[in-house]
**Student:** 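Below you'll find the structure I mean.
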Amino acid sequence: MSAFKTMWLMIMFDLPTKTKKDRKRYNWFHDELEKEGFMMLQYSIYGKIFSSPEAASYGRKRIKEFINKNIKKGNIRMLMFTDKQFANMEVIIGQKSEEEKNEPIQLLLF
Amino acid sequence: MGWKVVHLTKTCKIKVKDENLLLCFKEESNLEENIKVSINDIDFILFDSTKFSITGKAIELLNKKGVATLFIDEEFHPSSILIPYHTHTLLTEMANIQISITQEFKAKAWQNIIKSKISNQSITLKYWNKKEFNELESLSKKVQLFDSNNDEAQSARIYWKSLFENKTFRREQGSEDIINSMLNYSYAILRATMARSLSVSGFLPVFGIWHQNRYNAFNLVDDLIEPFRAFCDLHIKILLNTKYSQSLYLNIPIKRDLVKLLTLECVKINGGISTLSKAIEIFVKNYKRAVLKDDISLIVFPSINEDLFKNECF
């Protein structure tokens, strides 16, 4: 593996889902994250891997922009960390998804 | 552009979901395994099997995002590539610029490309402690405009004999022996990556600087990949000496190791070290600047980062 400085971006959120409008917004946010290439680690926790810290910062900027434009209520947090820190994550119950195991590799073989 | 290389050999269905590529594999136990890959992240995708089906939407998105895509024919040789057709905004302008490139620029560009090619070949020979590297080094210094003395052919004669220590070895495109088929395979990958980069930058690959073959749609690609060929040669020689000394045919593990070259940081370019696929992008970008400003000195040429190959354990 080359010396790629892979970085993870993690988004954790709570959005209101009481009214129909809120649910619509929630679904929109979910779809938008999927389109950006984020994968669901758990409900309301999404992660994506970037090839470099610069790419991750750019990704962060993009996400921030589309959140600020459309969402006013709720609670959204974003966290950036290295691939090594991510790999050290302990899964107490459940297991890592297939995609999660595949993601950090630069060369995907099927 | 992305940074991942995908190599598909299993039977699968390829769909699009939420603008991500969804790869569906059917397991033996009739369970489906779905893997999602973000198209933005993919740099190169190689369909190394004819047993797959792909939706039109997936092809469209791969093209739109400028992913280099290579398909394989029934004999498992690379056969066709996808290149974006009309994605660049200044396509007509670029075409006009390409047509009006001066003979002087072409002559100097081709001279420098061949210089760079021979000097990379010389580095390859030096890496294998072949004494002929001196000969190539001096050849590379005296390449003429338009390579009028045909130093390219002279160096090739010395190079192939010396590199594969085999008097009977002949570099041929149609050959079935292991060395030639490995070379052809990795050159095809290189060619696809270059074609994608050129196309995304707005170049029409039909207008070459030296290659003018009327039957070839990729004249410019064939011009610009010359300096990069030696990377494949060196990599293949390492694979042949270490892992696959007994192999007779191109099999999947060999192919995977050949594809891996794209992700190795084996290129010294522009004062830094870069992966092969990134280096091709940098090279094309600088070539474009040189063409636009009509200044040959803006082209940056790649050279081999030998240290990587020394440290790499295969």
Side-chain angles (χ1 to χ4, degrees), chain A residues 1-11 24 26-43 45-63 65-66 82-83 86 95-110, chain B residues 1-12 14 16-25 27 32-49 52 61 65 252-253 255-267 273-278 305 308 311-312:
Chain A
M1 182 83 184
S2 58
F4 257 94
K5 274 237 158 132
T6 44
M7 296 294 281
W8 279 86
L9 203 58
M10 202 189 247
I11 292 183
K24 208 171 170 187
Y26 179 97
N27 284 330
W28 170 85
F29 185 57
H30 169 92
D31 289 351
E32 214 56 27
L33 284 179
E34 295 261 298
K35 278 183 201 163
E36 285 287 324
F38 278 79
M39 61 171 166
M40 192 165 88
L41 301 173
Q42 276 173 233
Y43 286 116
I45 300 185
Y46 288 73
K48 182 181 169 146
I49 194 161
F50 289 89
S51 57
S52 66
E54 291 79 27
S57 303
Y58 177 68
R60 181 147 76 170
K61 213 179 100 199
R62 272 175 66 100
I63 306 291
E65 267 167 19
F66 83 66
T82 63
D83 187 42
F86 184 84
Q95 56 184 12
K96 284 191 176 179
S97 68
E98 225 24 65
E99 282 165 28
E100 233 172 308
K101 287 178 206 155
N102 265 325
E103 280 293 318
I105 308 165
Q106 204 188 339
L107 189 62
L108 301 175
L109 309 170
F110 300 110
Chain B
M1 240 172 264
W3 53 287
K4 276 181 186 169
V5 177
V6 183
H7 189 222
L8 278 168
T9 48
K10 285 195 222 163
T11 308
C12 78
I14 298 139
V16 171
K17 193 171 180 261
D18 298 323
E19 294 189 25
N20 295 304
L21 218 54
L22 195 68
L23 313 170
C24 311
F25 301 99
E27 298 289 306
E32 270 205 7
E33 190 193 351
N34 294 340
I35 291 185
K36 210 160 66 179
V37 192
S38 171
I39 293 188
N40 286 322
D41 288 350
I42 305 176
D43 179 48
F44 190 96
I45 183 162
L46 178 55
F47 294 97
D48 205 343
S49 138
F52 69 89
L61 267 183
K65 302 279 180 182
I252 290 174
K255 287 179 180 179
R256 296 209 153 151
D257 277 323
L258 292 177
V259 178
K260 199 174 157 197
L261 180 65
L262 282 178
T263 65
L264 293 181
E265 293 191 318
C266 59
V267 192
I273 287 171
S274 162
T275 61
L276 189 62
S277 69
K278 205 87 210 160
N305 174 19
L308 174 99
N311 299 330
E312 190 76 21

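Note on naming: letters A, B, ... go to the chains in the order of the sequence lines (proteins, then strands), and numbering restarts at 1 for each one.
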**Student:** Could you tell me which portion of A/Glu36 (side chain, backbone, both or neither) has an atom closer than 4.5 angstrom to a non-hydrogen atom of chain B?
**Tutor:**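 Contact with chain B: backbone only.
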**Student:** Could you go step by step and tell me if A/Lys48 and B/Asp41 meet the side chain to side chain contact (heavy atoms under 4.5 Å, CB included) rule?
**Tutor:** CA-CA 10 Å; A/Lys48 182 181 169 146; B/Asp41 288 350; 3.2 Å; yes
**Student:** Is B/Phe44 close to chain A through its backbone or its side chain, or both, or neither, when contacts mean heavy atoms under 4.5 Å?
**Tutor:**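 Contact with chain A: none, neither part.
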**Student:** Measuring from B/Lys17:NZ to A/Lys35:NZ, what's the distance to the nearest 0.5 Å?
**Tutor:**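 Here the rounded value is 12.0 Å.
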**Student:** Does A/Phe66 have more than 12 heavy atoms from other residues, nucleotides or ligands lying within 6.0 Å of its CZ?
**Tutor:**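 Atom CZ in A/Phe66 is crowded, with more than 12 foreign heavy atoms closer than 6.0 Å.
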**Student:** From B/Asn20 CG over to A/Phe38 CZ, what is the distance, rounded to the nearest 0.5 angstrom?
**Tutor:**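 These two atoms lie 11.5 Å from each other.
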**Student:** Could you measure the distance from the NE2 atom of A/His30 to the CG atom of B/Asp18? Nearest 0.5 Å is fine.
**Tutor:**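 Going from the NE2 atom of A/His30 to the CG atom of B/Asp18 covers 6.5 Å.
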**Student:** Nearest 0.5 angstrom please: B/Glu19 CD to A/Asp31 CG, how far?
**Tutor:**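 Between atom CD of B/Glu19 and atom CG of A/Asp31 there are 10.5 Å.
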**Student:** Is it the backbone or the side chain of B/Ile273 that comes under 4.5 Å from a heavy atom of chain A, or both, or neither?
**Tutor:**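 Looking at B/Ile273, nothing touches chain A.
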